[in-house]
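Comments concern the structure below.
Below, chains carry the letters A, B, ... as their sequence lines are ordered, and counting in each starts from 1.
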Protein chains: 2
Amino acid sequence: MKKYIPILRRTKLFAGVGEGEISAMLGCLQAKQDSYKKGEYVFRQGEYLNNITVLVEGSLHIQRDDYWGNRSIINVIGIGEMFGEAYAAPDSGALLNDVVAVEDSTVIFFDVKRILTVCSSACKFHSIVVQNLFFAMSEKNRKLVQKLGHMSKRSTREKLISYLSEEAKRQNSGTITIPFNRQQLADFLSVDRSAMSNELCKMRDEGLLMFEKNKFTLL
Amino acid sequence: MKKYIPILRRTKLFAGVGEGEISAMLGCLQAKQDSYKKGEYVFRQGEYLNNITVLVEGSLHIQRDDYWGNRSIINVIGIGEMFGEAYAAPDSGALLNDVVAVEDSTVIFFDVKRILTVCSSACKFHSIVVQNLFFAMSEKNRKLVQKLGHMSKRSTREKLISYLSEEAKRQNSGTITIPFNRQQLADFLSVDRSAMSNELCKMRDEGLLMFEKNKFTLL
DNA sequence: ACAATTCGGTTGTTTTTACAACAGAAAGGA
DNA sequence: TCCTTTCTGTTGTAAAAACAACCGAATTGT
């Protein structure tokens, strides 16, 4: 697990905490590590969690397949991001989504009780982590609201514009790379893939944007 | 502000804290109170917040109007619920939504820094509140994901079923009262009001449900 | 009680989407 | 390299939603 300490150091959860302290906290927080091959499930819908999990290698999708097989991608988890935190509280009930590795991935689990209960021992930085946890959850929250913003748009075109322009803002560039192929983007925006593909090409023909694979340029 | 202490006591934020302690914390957390008439704005899009706010009287909508006047209702805040917490962190940026009173309302503001920074003085219950804050944010998070679940449905009918059946589950009854009129429900689910009204009547004629005003019975 | 406004339902038209089926290109594996 | 699979774009059709316009009922304010 030692090898991932430099990565943990750069996460929101451990912002402001040194590598030495993180190393010490790994024990205090009962950290456990696990790896998953592309396509494997980290968590499944219906499971009960009691840990906060941080991705240190690879990439994950938080998604949900409904009864008819329609997939909805809720969120993408990149390296350094945490997940599962919303289901780690005592009365939060079962997980409503699947968490699946979209490439070979490694995660580290932290016991949530141990994070929230400030220990009396050496971990001075514990309270920083609690604050960080709050900030990270705030951010996740805002991200979800932004996604609601995209999905509240009535047409596929508007959804695309809403998503791509926000992504351009976030990546601070007119040319962006998205973490989706076409099917995944459609599942993320909850639209039909072929209709979306069609709309994208129309937008390209109208000179609104250019794209090649998952690289888009807004004009 | 004293008169609202019994209400605060029943909130998620102050769960497990006695009235005496709450009373003491009001000062410690620099609580401030304000009231709004129906239709008035508590916060506006673009504002910067640094407090967590709890509704103690009335009802609020978290909503957003886009460029063309399409309204999207993100969330409903009932008595005892908190809001604004996702925008109270230092780097969270400006508020993306409006918060508007849908009836005469009263709120109490708490300075977020003071909540997160455990004071050395008498407030023993401070750390409980920090935990509560985490749990409350978790819950809000799950609520947003549930809303994404409704909005990810492709048809108006599916959106309605998704929303109403979740609400029936939450209210633990086949007969539920929703906090929306037709226009608001449409804005909440991001569909056209007349089309939705039409669909509701079709569903009623098919024997799927019954309704009268904002009271629905699922069959 | 009356006038004005809001609310909910209805209908017809236009636009958009979902769905299905297919084909060429690209990627991946043996 | 060849074969297989995945990915993306294209087209046509059927279904659904948005939009607009309207009406009667209910509600609100004076």
Side-chain angles (χ1 to χ4, degrees), chain A residues 37-39 61 66-73 100 102-104 150-164 177-206 208-216, chain B residues 37-39 61 66-73 100 102-104 150-164 177-206 208-216:
Chain A
K37 290 274 168 209
K38 177 177 177 174
H61 280 182
D66 74 10
Y67 186 80
W68 297 271
N70 290 315
R71 172 163 297 168
S72 176
I73 297 176
V100 58
V102 289
E103 47 187 292
D104 294 358
H150 307 143
M151 309 231 339
S152 71
K153 296 287 183 288
R154 302 296 219 270
S155 68
T156 299
R157 174 174 296 215
E158 277 182 303
K159 284 177 182 152
L160 284 165
I161 290 174
S162 178
Y163 169 67
L164 292 173
T177 303
I178 66 171
F180 298 124
N181 62 30
R182 293 290 181 279
Q183 182 63 60
Q184 291 169 337
L185 179 57
D187 290 341
F188 184 73
L189 297 176
S190 292
V191 295
D192 179 73
R193 181 196 60 77
S194 67
M196 185 192 75
S197 195
N198 193 265
E199 193 65 30
L200 273 173
C201 291
K202 274 191 213 161
M203 290 165 78
R204 180 194 54 202
D205 297 344
E206 292 174 28
L208 287 172
L209 48 74
M210 300 189 310
F211 55 86
E212 194 204 329
K213 300 222 188 180
N214 61 340
K215 210 173 91 182
F216 291 77
Chain B
K37 290 271 168 212
K38 176 177 178 176
H61 280 183
D66 74 10
Y67 186 79
W68 297 270
N70 289 316
R71 171 162 297 168
S72 176
I73 296 176
V100 59
V102 290
E103 46 188 294
D104 294 359
H150 307 144
M151 309 229 343
S152 71
K153 296 289 184 288
R154 302 297 218 271
S155 67
T156 298
R157 173 174 295 216
E158 277 182 303
K159 283 177 181 151
L160 284 166
I161 291 174
S162 178
Y163 168 67
L164 292 173
T177 303
I178 66 171
F180 299 123
N181 62 29
R182 293 291 181 279
Q183 183 63 61
Q184 290 169 337
L185 179 57
D187 291 342
F188 184 73
L189 297 176
S190 290
V191 295
D192 179 71
R193 181 196 60 80
S194 67
M196 185 193 77
S197 195
N198 195 262
E199 193 66 31
L200 274 174
C201 291
K202 274 192 216 162
M203 290 165 77
R204 181 196 52 201
D205 296 344
E206 291 174 27
L208 286 172
L209 49 74
M210 300 189 310
F211 55 86
E212 195 207 328
K213 302 226 189 174
N214 62 340
K215 209 172 94 182
F216 291 76

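- In this structure, A:M210 places its CE atom 14 Å from P of D:dG9, rounding to the nearest Å.
- Looking at B:E103 and B:K38, no side-chain N of the basic residue comes within less than 4.0 Å of a carboxylate O on the acidic one, giving no salt bridge.
- Among the nucleotides C:dA18, C:dT10, D:dA17, the one closest to the side chain of B:A195 is D:dA17.
- Put simply, CD on A:E158 is 14 Å from C1' on D:dC19, counting in whole angstrom units.
- Residues A:K213 and A:N70 each lie close to DNA chain C; by heavy-atom proximity, the contact nearer the 5' end of the strand is made by A:N70.
- For the pair B:R182 and C:dC7, the criterion of a side-chain N or O lying under 4.0 Å from OP1 or OP2 is not met.
- Residue A:R204 contributes atom CZ, which lies 8 Å from atom C1' of D:dG9 at whole-angstrom precision.
- Here the C1' atom of nucleotide C:dT5 and the CD atom of B:Q183 are 15 Å apart, to the nearest Å.
- For D:dG9, the OP1/OP2 oxygens have no side-chain nitrogen or oxygen of A:N198 closer than 4.0 Å.
- For D:dA20, its base sits under 3.5 Å from the side chain of B:S194 at one donor and acceptor pair at least.
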* List the steps, then state whether salt bridge (Lys or Arg N to Asp or Glu O under 4.0 Å) holds for A:R157 with A:E206. => CA-CA 12 Å; A:R157 174 174 296 215; A:E206 292 174 28; 2.9 Å; yes

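- With rounding to whole Å, A:K38 atom NZ is found 12 Å from D:dT5 atom C1'.
- Checking C:dT10, D:dA18, D:dT10 against the side-chain heavy atoms of B:T156 singles out D:dA18 as nearest.
- One finds no side-chain N or O of B:S155 lying less than 4.0 angstrom from the OP1 or OP2 phosphate oxygen of D:dA16.
- A residue-by-residue look at A:D205 and A:R154 shows that A:D205 has its nearest nucleotide of DNA chain D further toward the 5' end.
- Nucleotide D:dT10 holds its C1' atom 14 Å from the CG atom of A:L200, rounded to whole Å.
- Side chain of B:D187 to backbone of B:I73: no donor-acceptor contact under 3.5 angstrom is found.
- A side-chain contact (heavy atoms from CB on, under 4.5 Å) with B:I161 is found for one member of B:H150, B:K153, B:M203 and no other, namely B:M203.
- With rounding to the nearest 0.5 angstrom, the CZ atom of A:R193 is 9.5 Å from the CG atom of A:N181.
- Counting non-hydrogen atoms under 4.0 angstrom, B:S197 reaches a base of the nucleic acid.
- At the heavy-atom level, B:D192 lies under 4.0 Å from base atoms of the strands shown.
- The distance from atom CD of A:Q184 to atom P of D:dT8 is 8 Å, rounded to the nearest whole Å.
- Atoms CG (A:N214) and P (C:dA26) sit 15 Å apart, rounded to a whole Å.
- In this model, a side-chain donor or acceptor of B:R193 finds a partner on the base of C:dG9 within 3.5 Å.
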